[in-house]
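Scroll down for the structure; my scribbles are underneath it.
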Amino acid sequence: MRRSRPRLLVPAAVLLLATACGAEHADPDRGAGAAVPAPRAAVTDPPVDGVRITSVTIPSASPTPSATLGSVHADQLPRDSGISAAYQVSNGGAEAMTYTVLFAFTTDSGGVMGNKEVTVSGVGPGRSRSGTVGLGVLAPGASPVTRVKVEKVSKVPADEAPARTGACPASGLRLWADDGDAAMGLRVVGLHLQNCGTRDYSLDGYPQLSLLDGDREPVDGIRILHGGTAIASGTGFDDPPAPFTLKPGQTALSGLIWRNTTLAGTSVDVPYVRVLAKPGAAPVTVAPGLDLGTTGRLGVGAWKRADR
């Protein structure tokens with residue numbers, strides 16, 4: 001018994017999924033109404049900052065539940081969506097780069113049903129790296145996902161990439177930025193410094209910051225102010241600096257604080273910040289995405305113990 005394969009209807013403005021024609025045959029080993037995976041559909045959209053989706057797999061149907069488990073119906077149980085996208089990261093620059101890519105899984109109308117972030121480390125100049133990202137579990141009752149797109153790309157020199165996990169860097173320190181917090185125009189992003197080495201590390205002061213644009217060139221005209229109170233009170237980064245020793249396994253915390261107020265003038269966005277834990281430290285470039293508005297100011301908190 002044959003049935004026609006449903007077409008993937010995807011607007012060309014986001015992703016054009018070139019689906020093949022033909023018929024699918026039901027698998028006798030599958031239960032009635034079971035999902036029949038669609039073949040991978042080629043994608044012809046241009047790359048976003050060196051990252052492109054090469055194909056997308058979206059199952060053609062959802063399984064029809066046939067059982068009730070206790071008081072929970074089978075269609076309410078979490079299950080893997082089977083939705084995935086193959087991607088390729090290409091480095092057209094002159095130095096090795098580490099890419100952080102945010103993929104969005106959306107409906108026809110653009111509603112985001114899920115995001116997945118992937119880090120592709122150390123892509124050499126003139127080289128490409130391929131991979132696959134899956135949506136995983138789709139929430140019960142969620143609208144059908146029909147598109148996958150590259151939502152955001154951040155890339156930093158491989159030797160300055162944040163290292164939250166994995167092998168301890170040669171410096172013996174991991175430095176990274178968290179996802180931050182935003183409320184009423186106030187932004188706070190934490191900077192974390194972990195001693196993953198074997199020696200004590202002394203701190204006394206503020207991280208040294210260099211603000212960089214999308215091409216990682218310096219951004220001028222922004223005042224970097226010491227202490228969270230320079231921007232707002234109660235951010236948790238109000239205390240003055242004090243000396244302390246970071247022993248192996250311990251973590252220190254600082255913070256970036258700003259407002260995105262926009263008044264007269266041109267608003268300023270700063271995608272990247274190069275951070276030195278202290279003078280002479282190895283630089284690490286993070287991507288907090290500072291939307292500084294027209295304020296022209298960024299606050300930075302003094303290092304403090306993260307566990308106090």
ILVMFWY network linking Val284 to Leu212, side-chain heavy atoms under 4.5 angstrom: no
Donor on one side chain, acceptor on other, Arg259 and Thr295, under 3.5 Å: no
Interatomic distance, Thr251 atom OG1 to His192 atom NE2 [nearest 0.5 angstrom]: 9.0 Å
side-chain contact (heavy atoms from CB on, under 4.5 Å) between Arg297 and Leu292, worked out: CA-CA 7 Å; Arg297 302 192 306 165; Leu292 299 175; over 6 Å; no
Within 45° cone and under 6.0 Å: Lys149 NZ/CZ vs Phe105 ring: no
Steps toward side-chain contact (heavy atoms from CB on, under 4.5 Å) verdict (Met97, Glu160): CA-CA 9 Å; Met97 304 293 287; Glu160 296 184 9; over 6 Å; no
Straight-line distance of Ile222 CD1 to Leu209 CG, nearest 0.5 Å: 12.5 Å
Atom pair CG/CZ of Leu173 and Arg199 - distance to nearest 0.5 Å: 12.0 Å
Exam field: side chain Asn195 to backbone Gly197, donor-acceptor pair closer than 3.5 Å: yes
Pairwise side-chain contact, Leu298 with Arg223, heavy-atom cut-off 4.5 Å (strictly under): no
Asp204-Trp303 side chain donor-acceptor pair, cut-off 3.5 Å: no
Side chains of Pro162 and Val156 in contact at under 4.5 Å (non-hydrogen atoms): yes
Electrostatic pair Arg52-Asp45, nearest N-O below 4.0 angstrom: no
Ser81 versus Pro59, closest heavy-atom pair with distance: O-CG, 3.3 Å
Atom pair CD1/OG1 of Ile83 and Thr146 - distance to nearest 0.5 Å: 9.0 Å
Val275 side chain reached by Val286 side chain, heavy atoms, under 4.5 Å: yes
Phe237 backbone acceptor or donor facing Lys304 side chain under 3.5 Å: no
Nearest-0.5 Å distance that lies between atom CD1 in Ile257 and atom CZ in Arg187: 13.5 Å
Minimal non-hydrogen separation, Arg174 against Cys168, with atom names: NH2-N, 4.0 Å
Between CG on residue Leu203 and OG1 on residue Thr245, distance to nearest 0.5 Å: 8.5 Å
Side chain to side chain, Met113 and Leu138, heavy atoms closer than 4.5 Å: yes
hydrophobic_cluster_shared for Leu290 and Leu191, side chain cutoff 4.5 Å: yes
same_hphob_cluster(Ile224, Val273) at 4.5 Å side-chain heavy-atom cutoff: yes
Residue pair Asp200 / Leu246, side-chain heavy-atom distance below 4.5 Å: no
Under 3.5 Å donor-acceptor, Asn260 side chain and Asp291 backbone: no
Residues Asn91, Arg127; criterion side-chain contact (heavy atoms from CB on, under 4.5 Å); working and verdict: CA-CA 6 Å; Asn91 181 4; Arg127 305 297 295 272; 5.7 Å; no
Parallel, tilted or perpendicular: rings of Tyr87 and Phe103 (30°, 60°): tilted
Heavy-atom pair with the smallest gap, counting every atom of Ser171 and Ala282: CB-CB, 4.2 Å
side-chain contact (heavy atoms from CB on, under 4.5 Å) assessment of Glu117 paired with Thr100: CA-CA 7 Å; Glu117 186 177 90; Thr100 300; 3.5 Å; yes
Heavy-atom side-chain contact between Trp176 and Gln194 under 4.5 Å: yes
Hphob cluster co-occupancy, Val188 + Leu193, side-chain heavy atoms under 4.5 angstrom: no
Cation-pi, Tyr272 ring and Lys155 (6.0 angstrom, 45 degrees): no
Flag, side chain of Arg305 to backbone of Gln250, donor-acceptor distance under 3.5 Å: no
Modelled atom types, side-chain donor and acceptor of Thr229 and Asp238, under 3.5 Å: no
Leu225 reachable from Val270 in the ILVMFWY side-chain graph, under 4.5 Å edges: no
Minimum side-chain heavy-atom gap Pro271-Arg216 below 4.5 Å: no
Main-chain N/O of Gly122 paired to Thr98 side chain as donor or acceptor, under 3.5 Å: yes
Heavy-atom closest contact (Pro283 atom, Leu276 atom, distance): CB-CD1, 3.8 Å
Distance-minimising heavy-atom pair for Val300 and Ser254: CG2-OG, 3.8 Å
Shortest non-hydrogen separation from Arg147 to Thr107 and the atoms involved: NH2-O, 2.6 Å
Check: Val133 main-chain N/O paired with Ser84 side-chain donor or acceptor under 3.5 Å: no
